[in-house]
Protein chains: 2
Amino acid sequence: MDTSQLLKGVLDLAVLAVLRDADGYGYDVLRRLRAAGLEDVADASVYGTLRRLFAAGALTSYVQPSEEGPHRKYYGLNKTGRDLLAQSTKTWNHFADTMSVLLLEKEAA
Amino acid sequence: MDTSQLLKGVLDLAVLAVLRDADGYGYDVLRRLRAAGLEDVADASVYGTLRRLFAAGALTSYVQPSEEGPHRKYYGLNKTGRDLLAQSTKTWNHFADTMSVLLLEKEAA
DNA sequence: GAACAGTACTACACATTGCGGAGTACTGCG
DNA sequence: CGCAGTACTCCGCAATGTGTAGTACTGTTC
């Protein structure tokens, strides 16, 4: 099955979550997400999500040169981002609980 | 926050789940989903999903007249639908678990 | 009985968002 | 030099949930 549709609306949350502990740049965020189990995330999706979150005012951004390759554009959570993460986490948990109940086998008559 | 994006790819699963126990028509499926906690689902989304699942060969369909209003188009799971439900449930559970881990506070240093 | 709410469905255009592919650019290795 | 790995951007596409409008039938209310 295709997991890409499941990511809709959740990738924001996942990106915020991996940025919670430390700032990160796009390529790094991508690796963290894949390491966390979201192996099918495409790079363009992550870059796009970071830009969107930044445009929404949830992230700070600063560029740092790297000696091992091209420059890196770091992103970090600001207050808006942390609030968004907290709120989205609640929404997600509630939604996931609702789905869990719905998916329970109603064996007992 | 907007829950509509969270539904992407999951509405199929939710619809299959509510049809698991008994056949139902669109308006009825909509009520069952809302009763289950998915209160923001739009009617057009449900009708569209039912048509899509039917087109994909996962549902049977038959029309029955009603004495309390217009005709009703009933849908029911066939083998393909039950298989899809089982498979999608697994995918969803795995995905939800992954997200849960990702969202855990890493308090312990 | 005309108007309206509730039921039940269809069709269309639209917004969001993840993805694929192409392109740019820098470093280091063979 | 060519190629892989790193790092990012841009563009167009595809999937899918939503809003709006429209059709149609039943029962209630003024």
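Remember, predicted model here, so these are calculated numbers, not experimental data. All chains are named by letter (A, B, ...) in the order of the sequence lines, taking the proteins before the strands, and each is independently numbered beginning at 1.
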*Asks:* Given atom CG of A/L30 and atom P of D/dG5, what is their separation to the nearest angstrom?
*Replies:*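 These atoms are roughly 15 Å apart.
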*Asks:* Are B/L84 and B/V46 connected in a single hydrophobic cluster, I mean Ile/Leu/Val/Met/Phe/Trp/Tyr linked by side-chain heavy atoms less than 4.5 Å apart?
*Replies:*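 Yes; tracing contacts between hydrophobic side chains, which count when under 4.5 Å, links both residues.
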*Asks:* Atom CG of A/L13 to atom P of C/dG18: distance rounded to whole Å?
*Replies:*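 It is 11 Å, rounded to the nearest whole Å.
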*Asks:* Among A/D83, A/T91, A/L85, A/T89, which residue meets the side chain to side chain contact (heavy atoms under 4.5 Å, CB included) test with A/Q87?
*Replies:*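 So the option named by the test is A/T91.
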*Asks:* Take the protein atom OH of B/Y25 and the nucleotide atom C1' of D/dA24, then report the distance between them rounded to whole Å.
*Replies:*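 Taking OH of B/Y25 and C1' of D/dA24, I get 16 Å after rounding.
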*Asks:* Between atom CG in A/L50 and atom P in C/dT17, what is the gap in whole Å?
*Replies:*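 It works out to 14 Å between those atoms.
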*Asks:* If you assign each of A/E67 and B/G26 to its closest nucleotide in DNA chain C, which residue comes earlier from the 5' end?
*Replies:*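 Closest to the 5' end, via its nearest nucleotide, is B/G26.
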*Asks:* Please give, in whole Å, the distance from D/dG5 P to A/R31 CZ?
*Replies:*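 It works out to 12 Å between those atoms.
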*Asks:* At how many degrees, to 10°, do the end axes of the helix from C/dG1-D/dC30 to C/dG30-D/dC1 meet when each uses five pairs?
*Replies:*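 Inter-axis angle at the ends, rounded: 10°.
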*Asks:* In B/S/- notation, 5' to 3', how is nucleotides 10-16 of chain C contacted by protein heavy atoms closer than 4.0 Å?
*Replies:* BB----B
*Asks:* Given that A/S66 and A/V41 both sit by DNA chain C, which one's nearest nucleotide is further toward the 5' end?
*Replies:*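 The 5'-side residue here is A/V41.
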*Asks:* Starting from C1' on C/dT17, measure out to CG on A/D40 and report it in whole angstrom.
*Replies:*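 Whole-Å distance recorded here is 17 Å.
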*Asks:* Under 4.0 Å: is that the gap between some side-chain N or O of B/S4 and OP1 or OP2 of D/dT18?
*Replies:*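 No, B/S4 has no side-chain N/O under 4.0 Å of OP1/OP2 on D/dT18.
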*Asks:* How long is the straight-line distance from OG1 of A/T60 back to CG of A/L19, given to the nearest 0.5 Å?
*Replies:*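 A/L19 atom CG to A/T60 atom OG1 measures 9.0 Å (nearest 0.5 Å).
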*Asks:* Do the side-chain N or O atoms of B/T49 get closer than 4.0 angstrom to the phosphate oxygens (OP1, OP2) of D/dG17?
*Replies:*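 Yes, within the criterion.
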*Asks:* Which sits closer to the 5' end of DNA chain D, A/Y74 or B/V10, going by the nucleotide each is nearest to?
*Replies:*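 So the residue in question is A/Y74.
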*Asks:* Not counting sequence neighbours, list each pair that qualifies as a ring-ring contact (aromatic ring centres under 6.0 Å, His included) and has a residue in residues 5-29 of chain B.
*Replies:*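 As it turns out, the ring-ring contact (aromatic ring centres under 6.0 Å, His included) pairs with a partner in residues 5-29 of chain B, which skip direct neighbours, are B/Y25-B/Y74.
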*Asks:* How long is the straight-line distance from OG1 of B/T3 back to CG of B/L38, given to the nearest 0.5 Å?
*Replies:*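 Between B/L38 CG and B/T3 OG1, I get 8.5 Å after rounding to 0.5 Å.
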*Asks:* Among C/dC9, D/dG17, D/dA7, which nucleotide sits nearest the side chain of A/Y27?
*Replies:*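 Taking heavy atoms from C-beta onward, the closest nucleotide is D/dA7.
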*Asks:* Under 4.5 Å between any side-chain heavy atoms of A/D23 and A/Y62, yes or no?
*Replies:*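 With C-beta onward as the side chain, the pair touches.
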*Asks:* Specify the closest pair of heavy atoms between B/R52 and B/D12, including all atoms of both residues, with the distance to one decimal.
*Replies:*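 So the minimum-distance heavy-atom pair works out to NH1-OD1, 3.3 Å.
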*Asks:* Return the value, rounded to whole Å, for the distance between atom CD of A/Q64 and atom C1' of C/dC26.
*Replies:*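 Distance check: A/Q64 CD to C/dC26 C1' gives 16 Å.
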*Asks:* Do the side chains of B/V18 and B/L11 join up, straight or via other hydrophobic residues, at under 4.5 Å, putting them in one cluster?
*Replies:*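 As far as the 4.5 Å side-chain criterion goes, B/L11 and B/V18 are connected within one cluster.
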*Asks:* Can you tell me the distance, in whole Å, between the CZ atom of B/R52 and the P atom of D/dT16?
*Replies:*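 It is 5 Å, rounded to the nearest whole Å.
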*Asks:* Could you state whether A/F95 and B/M99 fall into the same hydrophobic cluster, counting links through intermediate Ile, Leu, Val, Met, Phe, Trp or Tyr residues with side-chain heavy atoms under 4.5 angstrom apart?
*Replies:*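 Linked, A/F95 and B/M99 end up in one cluster.
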